[in-house]
Undergrad: 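Sending over a structure as structure tokens; questions will come in a sec.
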Amino acid sequence: MTVLKTSLRNFFAHKGRMALSAVAVLLSVAFVSGTLVFTDTMNTTFDKLFASTASDVTVSPKAAAADDEIPQNGRPESLPASLVEQARKVEGVKDAQGSVASTSVTVVDAKNKNVGPTGGAPTIAVNWTPNELRSVEIASGHEPRGPTEVVVDGATAEKHGLKLGDELRTIAVTGDFTAKIVGTVEFKVTNPGATVVYFDTATAQRELLGKTGLFTQVSVDAKPGVSDDALKADLAAALGGGYKLQTAAEVADAGRESMAGFLDVMKYAMLGFAGIAFLVGIFLIVNTFSMLVAQRTREIGLMRAIGSSRKQVNRSVLVEALLLGLVGSVAGVAAGVGLAVGLMKLMSSMGMELSTRDLTVAWTTPAVGLALGIVVTVLAAYIPARRAGKVSPMAALRDAGTPADGKAGRVRGVLGLVLTGAGAAALVAAARAAEAGPGSLWLGLGVVLTLLGFVVVGPLLAGGVVRALGAVVLRIFGPVGRMAERNALRNPRRTGATAAALMIGLALVAGLSVVGSSMVASATEELDRSVGADYIVRSATGQPIVPQAQAALEKAPGLDHVTEYKWVDAKVTDPRGKVSTADLAATDPTYVKDLRRETTAGTLTDAYGENAMSVGSDYATEHGVKVGDVLTVAFKGGDTAKLKVAAITADVGQVDKGAMYTSVSTVARHLPAERVPHSLLILASAKDGQETRAYQALKDALAPYPQYKVSNQADYKEELQDQVGQLLNIVYGLLALAIIVAVLGVVNTLALSVVERTREIGLMRAIGLSRRQLRRMIRLESVVIALFGALLGLGLGMGWGTAAQKLLALEGLGVLEIPWPTIVTVFIGSAFVGLFAALVPAFRAGRMNVLNAIASE
């Protein structure tokens, strides 16, 4: 009980200092809790959606694509309408309904504006059946009753200002058709951002599938008392084995599986950033307790003198840490729920609607948050607690302060150099790796070891680096600058630990900047070297180019040629009999002009001859294929062909690496016309001197089709740079959490340092140091600590980024580019971070009463 009382007294006596450390715990725990709440909420949203839309058993074509895949020919796989009646006759069936659904559509309003999501969620066109009333209800108007009527979901109508009577044009592979809005529906559960339009069954069949008498799936409901599994077995026996049958639970599981990849990427990325924040927070907590213990050396010595044992003193400090972790973690869990709501709002602005009605806070979320926050805080305080336990009773006779630790410093130096050297060797091994897999392991090991090495050796580096920075930055401020330099050097361990917190965040910023800039530079260099086409036409959502849009652009004036690029599902059997899935691209012969591919054997032009193809060099090496060999190619949904290898392309760079080429005419001979894939993209080149005219003509031709974009090479490079830049900005935004915690560390260190130097500050004021000079001294000390951390972090990050780029060079990204403007901006910005962190400590120091400060113990 005495230990608890002492801990509580000390905790509340330093509540201001503890509050800053508690904020670090709060932010870290909030990120973890927010991530868990966000992902749990998304799972709940989709589970409810799948449960509301799935029938007891769903019958689909066996070759149906996954829900998140767009059919290459723009038509979903279909079933004969007669299957509905067959299903209704099966014992145990209550009812069966045929459904038509397609995601290969674009819906535009009267102003030719796409009313569907431009990224993430799809636009879905379906037929109206009584089954729809499970998940939606009519909010206005009525259901579609003919070929000129359409119903749209209420969220889309509200977002785009649509009302009853407005006309919508639907662009499908079979052609364009228009219909007037006769109703809107509201979802009974959260719709995660999809645009849904409903047509009558005959219209949906004719316009989406090309003819009536077809469905994309059959939804079957069981009679009371019949289980889903039993109904599935009866249907399988009655319908035969040519279909895919799924119970409602299996449909939900498949839906969750299709979302799992996206959710896992978000979840683990955000937890990774939370881990970085925890790591930075550890330095703040260690610094806080180390300084508090040093300042209470005399007090602890008195406690030891009157009978307190080492264990009691140790436990007292750990109980303080426990209280800190508890307070910070509880607040962090609450903040995490707020963060999750903020993330939901952010996702909604990006097109994925998530409702707070589905907000899910499982019991595991606060449990994990509290456990992590408390354990990390207590572990961070363990070393300062042990140091407190070692204070002897004789310390009551000494002034407070940190004792010298020369031997510990030497051990730290040796350990730091060993870790840094081992990490550097691992980074060199990663840069020289011949394969990406082993190289990635070396890179990860190098990053960890060099980070640990710099953290350990930081206090030893502080002396030389701070003096060098002082000579450049501080000496111009005269005596005040020299005092700031000496204060930063007074306790190298403290300076090193404070700078290390900032170093971690900036090292990641620098490393990612190098990787991002190198990716853009490499891609730009490869485009300049290999792409000969003047223009690229494609959809941002991966939709194939519908025939009517392709016909329009082929008529554009000023073009020299137009090249189709199709992706074909096929399996290839090599001469040894080994079967593999092919990356088979069907293009026009002009593709050899549009993309300059090197060949290791044969001539790529010959691959466009009758029943000919090319393979990549990696495939040729692995399968022992050479020019003149014949491969057996089984086209999905079509014939099996014997194609002769006419060329082997060099698998270098990123564009079409590993692709096999054949002609569009070859594919057309072995696939039914309705199964020939539509072009994923189209390449075009202008006639000499007509580049500007052709560019505008292409844009004008595709104006009625807003889902497609025309880019020249300059546009494409800019888009690539913007994409990488947006990704890096998101990462930098998440890393800002670690920077915030690091700034709190600088604030805490300076604040405690000011308390530690209270008497010294009073004496300096007494002999003539003005308040302005005092505040400047503290600000300059903060600036030099921040610049020290920035110098270490940026240097370390550039080393990481360089090693990572050498590893990426194995995948074709061979240009190393250091983003010096970013590096210099971050370094200069660190000085402002230091100034900001010093505002409150400098202000409080300037307000000290001189006589009280001199009299303090």
Undergrad: Taking 4.0 angstrom as the limit, do E77 and K244 come out as a salt bridge?
TA: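 Judged by the 4.0 Å cut-off on N to carboxylate O distance, E77 and K244 do not form a salt bridge.
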Undergrad: Indicate yes or no: does R145 engage D200 in a salt bridge with an N to O separation below 4.0 Å.
TA: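 Looking at R145 and D200, the cut-off is not met.
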Undergrad: With a sphere of 6.0 Å drawn around NZ of K657, does it hold more than 12 non-hydrogen atoms of other residues, nucleotides or ligands?
TA: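 Yes.
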Undergrad: Residues in side-chain hydrogen bond (donor to acceptor under 3.5 Å, both in side chains) with T587, at least two apart?
TA: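 For T587 the side-chain hydrogen bond (donor to acceptor under 3.5 Å, both in side chains) partners, ignoring immediate neighbours, are Y608.
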Undergrad: Taking the side chain as every heavy atom from C-beta outward, state whether T632 and V572 have any pair of such atoms under 4.5 Å apart.
TA: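 They are not in side-chain contact.
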Undergrad: Ring pair (Phe, Tyr, Trp, His ring centres under 6.0 Å): which pairs involve residues 220-242, sequence neighbours left out?
TA: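 For residues 220-242: none.
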Undergrad: With sequence neighbours excluded, what pairs up with K89 under the side-chain contact (heavy atoms from CB on, under 4.5 Å) test?
TA: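 Expected list: none.
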Undergrad: With a 4.5 Å heavy-atom cut-off, do T573 and L631 have their side chains touching?
TA: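 Heavy-atom side-chain distance check fails, nothing below 4.5 Å.
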Undergrad: Could you check whether any side-chain N or O of E186 sits under 3.5 Å from a backbone N or O of V136, counting only pairs where one atom can act as donor and the other as acceptor?
TA: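 Answer holds: no.
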Undergrad: Main chain of L214, side chain of Q205: is a donor-acceptor contact present, judged purely on distance under 3.5 Å?
TA: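 Yes.
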Undergrad: Got a sec, which residues hit side-chain contact (heavy atoms from CB on, under 4.5 Å) with Q550, two or more places apart in sequence or on another chain?
TA: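 side-chain contact (heavy atoms from CB on, under 4.5 Å) check on Q550 returns I545, E554, E564, S679, I682.
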Undergrad: So V337 and L359, do their side chains get closer than 4.5 Å, heavy atoms only?
TA: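 Side chain of L359 against side chain of V337, heavy atoms only: contact under 4.5 Å found.
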Undergrad: Can you list everything that forms a ring pair (Phe, Tyr, Trp, His ring centres under 6.0 Å) with Y243? Sequence neighbours excluded, please.
TA: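 Testing Y243 for ring pair (Phe, Tyr, Trp, His ring centres under 6.0 Å), a comparison that skips the adjacent residues, returns none.
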Undergrad: Sequence neighbours left out, what passes ring pair (Phe, Tyr, Trp, His ring centres under 6.0 Å) with Y661? Give chain and number order.
TA: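 Once residues adjacent in sequence are excluded, the partners of Y661 under the ring pair (Phe, Tyr, Trp, His ring centres under 6.0 Å) criterion are Y591.
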Undergrad: Checking the side chain of T195 only, and the main-chain atoms of V115 only, is there a donor and an acceptor separated by less than 3.5 Å?
TA: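 Confirmed, T195 side chain pairs with V115 backbone.
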Undergrad: For the side chain of D153 and the backbone of T156, is there at least one donor-acceptor N/O pair under 3.5 Å apart?
TA: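 Looks like yes, one N/O pair under 3.5 Å.
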Undergrad: Which pair of heavy atoms, one from P147 and one from A179, lies closest together, and at what distance?
TA: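 So the two residues come closest at O-CB, 4.3 Å.
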Undergrad: So with a 6.0 Å cut-off around NZ of K188, is the heavy-atom count from everything else above 12?
TA: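 Buried by this count: over 12 neighbours within 6.0 Å.
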Undergrad: Can you say whether the rings of Y565 and W567 are parallel (under 30°), tilted (30 to 60°) or perpendicular (over 60°)?
TA: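 Plane angle under 30°, so parallel.
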Undergrad: Is there side-chain contact between K232 and V59, with at least one heavy-atom pair below 4.5 Å?
TA: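 Of all side-chain heavy-atom pairs linking V59 with K232, none is under 4.5 Å.
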Undergrad: When the ring planes of Y198 and W128 are compared, do they come out parallel, tilted or perpendicular, using 30° and 60° as the limits?
TA: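 Plane angle over 60°, so perpendicular.
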Undergrad: Answer whether the closest heavy-atom distance between the side chains of V100 and L209 falls below 4.5 Å.
TA: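 Contact flag for V100/L209 side chains = yes.
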Undergrad: Is the shortest heavy-atom distance from the side chain of V667 to the side chain of T662 under 4.5 Å?
TA: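 The answer is yes; the side chains approach within 4.5 Å.
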Undergrad: Not counting sequence neighbours, which residues clear side-chain contact (heavy atoms from CB on, under 4.5 Å) with S665? List them please.
TA: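 With neighbours one apart ignored, the set is S663, R669.
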Undergrad: Under a 4.5 Å cut-off applied to non-hydrogen side-chain atoms, are H678 and P547 in contact?
TA: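 H678 vs P547: side chains touch.
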Undergrad: Which residue is it: K180, E143, H142? I am looking for the one with a side chain to side chain contact (heavy atoms under 4.5 Å, CB included) to E149.
TA: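 Among K180, E143, H142, the one meeting side chain to side chain contact (heavy atoms under 4.5 Å, CB included) with E149 is H142.
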Undergrad: According to side-chain contact (heavy atoms from CB on, under 4.5 Å), who are the partners of S99, at least two apart in sequence or on a separate chain?
TA: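 With sequence neighbours excluded, S99 shows a side-chain contact (heavy atoms from CB on, under 4.5 Å) to N127, Q217, S219, given in chain and number order.
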Undergrad: Going by heavy atoms in the side chains, are L235 and V220 under 4.5 Å from each other?
TA: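 Yes, their side chains come closer than 4.5 Å.
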Undergrad: Is there a side chain to side chain contact (heavy atoms under 4.5 Å, CB included) between I181 and L162? Walk through the geometry before answering.
TA: CA-CA 8 Å; I181 300 175; L162 303 175; 3.8 Å; yes
Undergrad: Donor-acceptor check, side chain of S33 to backbone of A30, threshold 3.5 angstrom: yes or no?
TA: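 Answer holds: no.
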Undergrad: Quick one: ring pair (Phe, Tyr, Trp, His ring centres under 6.0 Å) partners of F38, sequence neighbours excluded?
TA: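 F38: no ring pair (Phe, Tyr, Trp, His ring centres under 6.0 Å) contacts found.
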Undergrad: Has the side chain of D629 got a donor or acceptor atom that lies under 3.5 Å from a matching backbone atom of V625?
TA: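 No, D629 side chain to V625 backbone: no donor-acceptor pair under 3.5 Å.
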Undergrad: Is the side chain of N112 donor-acceptor paired with the backbone N or O of A703 at a distance under 3.5 Å, no angle test?
TA: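 Present.
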Undergrad: Kindly indicate, with the supporting measurements, whether the criterion side chain to side chain contact (heavy atoms under 4.5 Å, CB included) is fulfilled by T174 and R75.
TA: CA-CA 9 Å; T174 56; R75 288 186 177 90; 3.7 Å; yes
Undergrad: Identify, with sequence neighbours excluded, every residue that meets ring pair (Phe, Tyr, Trp, His ring centres under 6.0 Å) alongside Y619.
TA: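 For Y619 the ring pair (Phe, Tyr, Trp, His ring centres under 6.0 Å) partners, ignoring immediate neighbours, are H623.
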Undergrad: Does a salt bridge link R134 with D221, judged by any charged N lying under 4.0 Å from a carboxylate O?
TA: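 Looking at R134 and D221, the cut-off is met.
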Undergrad: Treating D639 as the side-chain partner and A641 as the backbone partner, does any N or O pair qualify as donor plus acceptor under 3.5 Å?
TA: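 No.
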Undergrad: Sub-3.5 Å donor-acceptor pair from the side chain of R88 to the main-chain atoms of A96, do we have one?
TA: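 It does hold such a pair.
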Undergrad: Take atom CD in E674; do more than 12 heavy atoms of anything else shown fall under 6.0 Å from it?
TA: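 Atom CD in E674 is crowded, with more than 12 foreign heavy atoms closer than 6.0 Å.
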Undergrad: Which pairs, with at least one residue in residues 152-191 and sequence neighbours excluded, count as a ring pair (Phe, Tyr, Trp, His ring centres under 6.0 Å)?
TA: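 Those involving residues 152-191 are F177-F199.
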Undergrad: Step by step, would you call V196 with V126 a side chain to side chain contact (heavy atoms under 4.5 Å, CB included)?
TA: CA-CA 7 Å; V196 187; V126 299; 4.2 Å; yes
Undergrad: Run the salt bridge (charged side-chain N to carboxylate O under 4.0 Å, His left out) test against K163 and tell me which residues pass, sequence neighbours left out.
TA: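 Checked K163 against salt bridge (charged side-chain N to carboxylate O under 4.0 Å, His left out); matches are D166.
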Undergrad: Counting only N and O atoms by type, is there a donor-acceptor contact under 3.5 Å from the side chain of T41 to the main-chain atoms of T360?
TA: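 Confirmed, T41 side chain pairs with T360 backbone.
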